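For reference, the structure discussed in these notes is given below.
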Number of protein chains: 2
Amino acid sequence: MFSQAEENYLKAIYALEIDTGKGVSTNLIAKKVLSKASSVTDMLQRLAEKELVIYKKYQGVKLSDKGRKIASNIVRKHRLWETFLVDKLHFSWDEVHDVAEQLEHIKSEKLIQQLDSFLEFPTHDPHGDPIPDKDGNFTKRKKIKLSQLNENEQSILLGVEDSSDNFLKYLNKKNISIGNTIRVLSKEPFDNSMEIEIDNTQFSITEEVATNLLVKA
Amino acid sequence: MFSQAEENYLKAIYALEIDTGKGVSTNLIAKKVLSKASSVTDMLQRLAEKELVIYKKYQGVKLSDKGRKIASNIVRKHRLWETFLVDKLHFSWDEVHDVAEQLEHIKSEKLIQQLDSFLEFPTHDPHGDPIPDKDGNFTKRKKIKLSQLNENEQSILLGVEDSSDNFLKYLNKKNISIGNTIRVLSKEPFDNSMEIEIDNTQFSITEEVATNLLVKA
DNA sequence: TCTAATTTTTAGATAAGTCTAAAAATATTT
DNA sequence: AAATATTTTTAGACTTATCTAAAAATTAGA
Ligand SMILES: [Mn+2]
Ligand SMILES: [Mn+2]
Ligand SMILES: [Mn+2]
Ligand SMILES: [Mn+2]
């Protein structure tokens, strides 16, 4: 149907639309897909030709309904595969992304349906990100930064702001994972670090870490 | 590492070497990968450049050790994925090949190791074909055609000679699958059809079918 | 063994996807 | 409102993988 390159561009535009809330620029896409602006222009013209995006020279680009559907389906597959890797093959959450980048391009309706069912219809992936359904719909959970909690408040870890390898590895090491209940024992006004408790173990985290952990609002 | 096209050519040469027992010709490869002889020549030259095959103009081609290792690894992945699809995702054995053709190109050592372990180290795929280990080794089971059995003999179904869609669908419909014990009740000298029994049900099959079913020798 | 048929290779095109360098358009600053 | 900076597009080149048509080599047959 569509090439991996086309799918990757659509996915990039999809993600950028979601987090900027508007049409996206050539340069932003280039950064996202790790290519050059000229390559992006090239691809945008081909995607426009196929009516997957709405593109006007120099004016940035938006997904068409058709393009958005394809993009959300790739995201769906990516997140289902990440869930499979963690839940069934015992990968840790910092190991799954690159493999899912490959698996998301496998084309088989039945495969993805059966995988969904095998995983018991998960709604969120190992990083706490929502898994879209076939029509691209998903529910956004209300989340706040852990740093916004006051002393003695607690909540459940739903996701991370930063899902870089380094951060995920840090969380791994500290045994922090999605679903954990985190209680704020105390906050240090000097540097905004906080003492927290997870599973009856207590330790302190920097403000940097606390702002990158998202808990149930 | 290597492109999907390269991997597919290596796999084709690997399969042809196994079933012809010698170096393989341009035309045979072209037929196998559904391309034209000129495209094959082109690719062979590139594979030779990379030392994956031994190629002498007009003299056919053989895999190098390096090439054979890559090829057997693709076959390993193909068959593990087919096993996964049947055992875990409830695909039937006539539905798995095309999806496995895609999945076999996913690159991740850990993925294939974990998959192997998740499937409990299967030695044969859903079609009865052996799954090579990391080094390309596998054991060949001795098999004979069902048509060679005499009246009142029985054996276990280990594989099929023909794994075309049509044949697999036929077997599916008749509820014949790998591992079944098949007893020959009678043979009809007129057309070599035979009456057989599987799981306490009896029915007759044509000679054509009987020669395409491989049972334990 | 020479000729004819077949197979294989080369030559030249095409398409996708990428790049660098230069030109064109848009945005920002005096 | 010009001048300058930035962004985007175009032009031209390169790589991989494919094709058709023609040339070259091998094989088979008379
Ligand atoms: Mn991911
Ligand atoms: Mn994720
Ligand atoms: Mn197969
Ligand atoms: Mn198989």
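Order of the sequence lines sets the chain letters (A, B, ...), proteins ahead of strands, with each chain counted from 1. None of the values given here were measured: they were computed from a predicted structure.
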Practice item. Evaluate the ring planes of B:H127 and B:W93, with Trp represented by its six-membered ring, and classify them as parallel (under 30°), tilted (30 to 60°) or perpendicular (over 60°). Key: parallel

Exercise for review: Check the pair A:E101, A:K11 against salt bridge (Lys or Arg N to Asp or Glu O under 4.0 Å), reporting the backbone distance first and the verdict last.
Suggested key: CA-CA 11 Å; A:E101 285 290 304; A:K11 186 169 59 120; 2.9 Å; yes

Point to revise | Nearest-Å distance for atom pair CG/P, residues A:L47 and C:dA16 | key: 12 Å

Check your understanding: Hey, are B:S92 and B:D94 close enough side-chain-wise for a donor-acceptor pair under 3.5 Å?
Key -> yes

Exercise for review: Check each residue of residues 11-27 of chain A for a non-hydrogen atom within less than 4.0 Å of any atom in DNA chain C, then write out the ones that pass by number, or none.
Suggested key: none

Point to revise | Of A:Q4 and A:S38, the one whose closest DNA chain C nucleotide lies more 5' | key: A:Q4

Point to revise | Separation of atom CD in A:Q45 from atom P in C:dT18, rounded to whole Å | key: 14 Å

**Study point:** Between B:S164 and B:D162, a side-chain donor and acceptor under 3.5 Å
**Key:** yes

Exercise for review: Assign the ring pair B:W81 / B:F84 to parallel, tilted or perpendicular, where the plane angle (0 to 90°) is split at 30° and 60°.
Suggested key: perpendicular

Exercise for review: State whether B:K69 and B:D65 are salt-bridged, where the test is any N-O pair (Lys NZ or Arg NE/NH1/NH2 against Asp/Glu carboxylate O) under 4.0 Å.
Suggested key: no

**Study point:** Contact list for DNA chain C against residues 30-37 of chain B - heavy-atom distance below 4.0 Å
**Key:** B:A37

Exercise for review: Check the side chains of A:S193 and A:D191 for a donor-acceptor pair under 3.5 angstrom, ignoring hydrogens and angles.
Suggested key: yes

Review point. Does a side-chain N-to-carboxylate-O contact under 4.0 Å join A:K107 and A:E7?
Key: yes

Check your understanding: So, B:Y9 and B:S35: side-chain donor and acceptor under 3.5 Å apart, yes or no?
Key -> yes

Practice item. For B:Q59, report the nucleic acid contact type (base, sugar-phosphate, nothing); a contact means any heavy atom under 4.0 Å. Key: sugar-phosphate

Exercise for review: With a 4.0 angstrom cut-off to heavy atoms of chain A, pull out the first and last contacting nucleotide of DNA chain D, in 5'-to-3' order.
Suggested key: D:dT7 to D:dT10

Practice item. Could you check how far OH of B:Y58 sits from P of C:dT6, rounded to whole Å? Key: 17 Å

Exercise for review: Please report, rounded to the nearest Å, how far the C1' atom of C:dA16 is from the CG atom of A:L44.
Suggested key: 15 Å

Point to revise | Distance in angstrom units between B:L28 CG and C:dT7 P, rounded | key: 10 Å

Review point. So, does A:S64 use its side chain to make a donor-acceptor pair with the main chain of A:E51 at under 3.5 Å?
Key: yes

**Study point:** B:Q148 atom CD, over 12 foreign heavy atoms within 6.0 Å
**Key:** yes

